[in-house]
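What follows is a set of notes on a single structure, which appears directly below.
This structure is a prediction, so every number in the text was calculated from the model and none was measured. Lettering of chains follows the sequences in order, A, B, ..., and the numbering in each one begins at 1.
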Amino acid sequence: MKFSNGKNTLLKDSPGTLPDVSLAMLNWFQKITFIRIVKTVVAHRVVETPTPVTFEGVMQPFSAKQIEMKPEGQRAWKWWKLHAQPSFIVDVDEVVTYKGQNYRVKAQNDYAEYGYLEYDLIEDYIGSGP
Amino acid sequence: MIVLQNVTAIRNNLKTIFKGSGGTAPYSYAVAPNGAGGTIDPVTGVYSAPQSLSDDPSKAIDTIIVTDSTPVTPVVAQAIISILDPLGLICDIIQSELGLADDQVFLWDQKFTLPNDSRLYVAVSVVSCKPFGNKVEHVDIAGTFKEVQSTNFYAILGIDICSRSTSALYRKEEVIMAMRSDYAQSQQEVNSFKVATLPTGFVNLSNMEGPAIPYRFNISVPIQYAVSKIKGVPYFDTFDNVGITTNT
C-alpha cells in the first residue's frame with residue numbers, strides 16, 4: 001500500500017489548492033442556537049420578530065492581547081470571537097441573543113472560501129437592545 | 001373582481017367607504033379578525049375605524065373582505081386599510097405618491113438599519129412640536145355623558161430621502177409634489193390635518209457611510225393637526241342616607 005505524503009507535492013505542482021478547512025472546523029464546532037431579531041416594516045413602524053437560528057460554530061472570549069489592541073475606551077467591553085459555518089450570516093450592528101444574553105455584531109470577516117466565517121461580538125450588558 | 005377604496009390609510013374614529021367592482025352584485029363586506037378592530041357595514045361597505053390607535057404595529061391594519069353574489073362559488077376580493085396617526089398619514093402620502101413599497105417609508109429612530117441596496121428610502125421624523133390649543137368639553141354621546149379632551153399642534157416634520165443610487169438625487173422634488181397632490185388633499189380633508197405646500201428647509205446631507213456615499217436630503221415640512229381623547233365622566237350615583245343632627 002502506497003501512502004501519499006503532502007510534503008512531496010510542491011506548491012507549484014498544485015495550483016488553486018486554497019485550503020478548505022471546513023471539515024476540520026466542524027470537529028471544533030458545536031451546535032449553537034442564536035435568536036436573531038428580524039426587523040420588518042409594518043404600517044411604517046418597525047416590528048421586531050425573534051427568530052431562532054441553529055448553526056455549527058464556536059464562541060471564544062477575546063484574549064488579553066486582542067483586547068489590548070482595541071482602542072482605549074473599548075477595552076472594558078466584553079468581546080467575543082465567533083467562528084461559524086459559512087451558512088450562518090449576520091450583518092454588522094445586528095443584535096443576537098445567546099443563552100439569554102444580548103450580543104451585538106461589531107465585525108465580520110469573510111473566510112467562506114476557507115470554509116468558515118469569523119465574527120466579533122460584544123455583550124450588550126447595558127440592555128440597549130436591537 | 002376588485003375592491004375600490006378612496007384612501008389606503010385613515011385616522012382612528014373616522015369612517016371611509018369600500019365598494020366592490022366587477023363580479024356579481026350585490027356585495028357583502030366584512031373585516032378580517034385579528035386586525036386593528038374596525039367595523040364595517042356588511043351591506044353599504046361603510047368602514048368605521050377603531051376608537052384608538054394600537055401600540056402594536058401589526059394591529060394597525062384591517063383587511064376588508066368583499067364577497068360577491070356569484071352562485072355556487074362566490075368571488076372574494078380583499079383590500080387593506082391602515083389606521084394611522086398624522087405622522088403615519090404623511091408616510092402614507094409619500095409612499096402612495098412616490099410608488100414605494102411598504103418597507104421603503106418608515107418612522108425615524110426605530111433602530112432600523114437601511115438595507116445595503118440601491119432602493120430609495122424615506123424616513124419621517126418630528127423635529128419640533130408646538131401646541132396652540134388645549135381644551136376640554138363635555139358632550140352627550142349616544143345618551144352617555146362624555147369628557148372630550150382635544151389639543152391642536154403645529155409641528156415641523158423632517159423628511160429624509162436617501163438612496164445609494166441616484167434615486168434620491170432625481171426624485172427628491174417628488175416629496176414636495178406629493179404634499180400638494182390630490183391624494184394628499186383628500187387625506188387632509190378626511191383626516192382633519194393640514195400640510196404646508198412648501199417646505200421651510202431643503203438641505204443636502206449626503207455624506208460618506210462606510211465605503212459608500214449615499215445621497216441624502218432633509219426636507220422640513222410644517223403640519224397642523226389635532227388630537228382628541230374621549231373618556232367617561234365620573235359621577236356619583238350612590239348616596240348614604242342623609243341625617244341632620246342638631247344641638248338641643
Given heavy-atom pairs under 4.5 angstrom as the criterion, report whether the side chain, backbone, both or neither of [X] touches chain A.
X	value
I61(B)	side chain
D55(B)	backbone
Q95(B)	side chain

**Q.** Pairing residues for F217(B) by the ring-ring contact (aromatic ring centres under 6.0 Å, His included) criterion, not counting sequence neighbours
**A.** none
Q: Using salt bridge (charged side-chain N to carboxylate O under 4.0 Å, His left out) as the criterion, point out the one residue from D120(A), D93(A), D91(A) that pairs with R104(A).
A: D93(A)
**Q.** side chain to side chain donor-acceptor pair (under 3.5 Å): pairs with one or both residues in residues 77-94 of chain B, sequence neighbours excluded
**A.** T8(B)-D92(B), D92(B)-Y183(B), D92(B)-Q187(B)
Q | NZ or CZ of K70(A) within 45° of W77(A) ring axis and under 6.0 Å | A | no
